[in-house]
Every structure is written in structure tokens, then in C-alpha cells.
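Because the structure is a prediction, the values reported are computed rather than measured. Just so we're on the same page: letters track the sequence lines, and every chain starts at 1.
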Number of protein chains: 2
Amino acid sequence: MTATSPTTNERVEQAATRLFAQRGFHGTGIRRLAQESGLTSASLYHWMGTKEELLARLMRSALERLTAEARAALAGAGEDPRDRLDALVRVHVRAHAERPEQTRVVDGELGALTPDARAGVVALRDEYEDLWRTVIEDGVDQGLLVVAQPDLARRAVLEMCSSVARWFRSDGDLGVAEVAEEHVSLARGALGAR
Amino acid sequence: MTATSPTTNERVEQAATRLFAQRGFHGTGIRRLAQESGLTSASLYHWMGTKEELLARLMRSALERLTAEARAALAGAGEDPRDRLDALVRVHVRAHAERPEQTRVVDGELGALTPDARAGVVALRDEYEDLWRTVIEDGVDQGLLVVAQPDLARRAVLEMCSSVARWFRSDGDLGVAEVAEEHVSLARGALGAR
DNA sequence: CGTAGGCGATCGATCGATCGATTGGATACG
DNA sequence: CGTATCCAATCGATCGATCGATCGCCTACG
């Protein structure tokens, strides 16, 4: 157990993630952000750059982590596209259950970014979704998944799994593992897994 | 074809729906909202009350319309819970495809409301979701739908269908009807329809 | 003449961001 | 060793802009 006290940078990022998730990017002022980080608004600029740069950084690192976790899970999964789908669902649901604020910022604040900053985030998101696209395409090609519109189905299943971030509570009736397995079952059903 | 020119009130509500959907409630200023409504910011107050009242009104009327459409569809559907589920999916998907800005405001700006205003909107949302809850419960009770966690499944399928508002384009490859039927199929699969 | 609808002007508050100044610990040098 | 230099980090003060909202006044019309 390494319970290091958080660095200033971590305190800023944690406060920003929490506030952006709760009140939105435009609903969060830099004074409030500084207060929750334990700094003055002037000092805050030493760590965050501009407010938008901070948001973009948070979104990119969250997406990079998610993609890395998905790649690792796929590397440990077998060849069967259905098993690989299960692995993606588990990673996605776990991430949204365990880091709901991070994922809600990624999913909900894209529109707050200027085109330049948005492009970088969108590229990372597309990279992540390509993992899903490939798995679903492989499954359909091999006749192990049955969907008429793979792109539509991918978006639908992704959003289905993302919804967890908006209701899951770690002190609720269901544990993370149960929720993940339940979504594995829903996703398999939706995609017509043989 | 009744192509009446929009009333001032309609122009305000349409501008607000568009802006709130695109830039968010906190990202939309009074002046911009007035400009797009063809009014000065002072005149705007004659029509909208406060900015928050306007948002709450938009959200309530959108939810009331959705609920009314869902009730009408259920009234015209048969007794089989699977058919009733199909009807709900079609209404939900059509609404999100044809009125993406309205639905995105409802789904995304709840957090911008003060507790008092939020309560009224949440009550309407619960009323709508109860229609889904009942249908799914009936289906499970009769053994025609198979899900381990009906509440979780309801949320998952709802979010799955809501995702349409974030990508559908009326000039794209798929029409509204096709998208709706595709989601009917996905929902049936996810909920294990016999 | 009353009222619905609209306007310009302006309110106090807050916005995101920057300024110059200060601190303290590390590093380089005589 | 002593001290000069540097730089990351922080601060109070304040910038111009914009925020949501309100005011009094004007005009058109039933």
C-alpha cells in the first residue's frame, strides 16, 4: 500500500475532474477550481496552463488509459471475436464504474473544446473505437456475431456500456464485476452472438 | 401543409434549444441567445423569464411530448410485452433522431438546474421511464424477456437508443425508420426476447 | 387609456487571464 | 566554505470582458 500524499498537479487534476464532471466545464470558474486545489487562481495557472488546456489534457490522458487497458485485455483474450468483445465490454464498464467522473468528462465535454484541441481528443477516441470496430467486424465476418449495421451497433453498445458512469454507486446492491458481466450478457445479446 | 411563420415564443425556444444543445447551458450567454432570437437581451426577458426557467420549460415540454408519444404508441400496441417494447424503442429512437437537439438538452443539462427546478424534470423523466419498467417487468414475468437485472437492463437499453441523437444525420445513409428497426432488433437481442 | 412588446443603458458580479513581486531550495562558482 | 545566481512556485492585485438581470422609457394597438 503506497499512500503517498498527492502532488499539487494531482490535486489540480482531481479537483478539475470532479468539478467538470459535476458542474460542466463552462459551469466551473477558475476561482472555485483554485479553491478546491488549495491554490490561488494565480498559482493555478502555473499548473494548468489555460483552463481549456487542462480540460484537453484530462480528456487525453483518460482516453489513453482506457485504450491501454483495452489493448492489454485484448492481448490476454483468445481468438474468438465473442471473447474479445467480452473483454472490451469488461474494460469499458469497469472504467465507467470505477472512474465515473473521468469518463463523464470525456463523454460530455467534447463540445467545450475549440476545434484544434478537439481534434486531438477525437483522434484518441477514434483509435479506441477502432478496437471495437475490428472486433465486431471480425465477429460478423466469421458469422459469430449477427448485426445488420455494424457501425450503428458499435455505437449503440458503446453508449449502453457508458451509461454505467451515470448511475453506478460503489456502495450499491451490485458490485463492479456483476455489473460488468451483466453488460457482457446484454452486449452478446444485442450483437446476436451465436 | 401549415407553414405558419414562427411566433416570437417559438423563435426563442428554437434558438435556445439549438444553442443549449450545441454549446451547453452555461456556455450560452444571454446576448447570444437574444441575437439568435431576433431580440435584444432586455426584450428576451419578457419571453423567457430567467434563463434557468427557460431551460426547465424546454426540458419539461420535451419530456411531456416524449411521454405522450410513448403512451400513444403503447395504446396502439398489442398485449405481448415484446411488441410493446418494440413500440417504445421506435418512439424513443424516432424522437432522438428527429429532435436531437431537444433530447440532447434533456439528457445532458439536468445538472445545470437548481434542485427545485430539477425535481420537476426528474419527476417527468421517472414517469417516462416507468413505462419502460412496466413493459420489461411484464416481459420478464411472462418469460418472454430474459434479463437478470431488469433495472440495469432498462437503463442500458434506454441509453443505447438515446445515442442516436449524437450521430444520426437525416441526409445520411440510413433513414429514421431503418435506424429505429435496427434498434428494435438490438433491444430485443439485449433483453433476450424469446 | 391601458397594456403588451420592445428598446438603450446600465447594474453589480464574475469571468478567464496576467502582472510584478516574493519566497525558498537547489546549483554554480570563487 | 561562502555566496551569487537561478528557477520553480506562490501570492495579492488587477486587467478588460462578459455574465445574468433590471431599469425607465417609448411605441403600437385594442
Side chains of Thr67(B) and Leu124(B) in contact at under 4.5 Å (non-hydrogen atoms)
no
Look up atom CZ in Arg188(A) and atom CG in Leu144(A), then write down how far apart they are to the nearest 0.5 Å.
9.5 Å
Qualifying residue for side-chain contact (heavy atoms from CB on, under 4.5 Å) with Tyr128(A), from Arg133(A), Glu64(A), His92(A):
His92(A)
Lys/Arg cation over aromatic Trp167(A): Arg155(B), 6.0 Å, 45° cone
yes
Using residues 47-60 of chain B as the side-chain source, report each donor-acceptor pair under 3.5 Å to any protein atom, sequence neighbours left out, with the distance given to one decimal.
residue	atom	partner	partner atom	Å
Thr50(B)	OG1	Glu53(B)	N	3.1
Lys51(B)	NZ	Phe25(B)	O	3.0
Lys51(B)	NZ	Thr28(B)	O	2.8
Glu52(B)	OE1	Thr114(B)	OG1	2.7
Glu52(B)	OE2	Thr114(B)	N	2.5
Glu52(B)	OE2	Thr114(B)	OG1	2.2
Glu53(B)	OE1	Thr50(B)	N	3.1
Arg57(B)	NH2	Met48(B)	O	2.7

More than 12 foreign heavy atoms under 6.0 Å from CZ of Arg99(A): is that the case here?
yes
What nitrogen or oxygen pairs link the protein and nucleotides 25-27 of chain D at under 3.5 Å?
none

Atom-to-atom span, NE2 of His46(A) to P of dG20(C) - whole angstrom:
17 Å
Per-nucleotide protein contact string for nucleotides 11-20 of chain D (B base, S sugar-phosphate only, - none; heavy atom under 4.0 Å):
BB------BB
When the aromatic ring centroids of His26(B) and Phe20(B) are compared, is their separation below 6.0 Å?
no
Any donor-acceptor pair under 3.5 Å linking the side chain of Ser43(A) with the backbone of Leu39(A)?
no
Can you tell me if the side-chain N/O atoms of Trp47(B) get under 4.0 Å from OP1 or OP2 in dA4(C)?
no
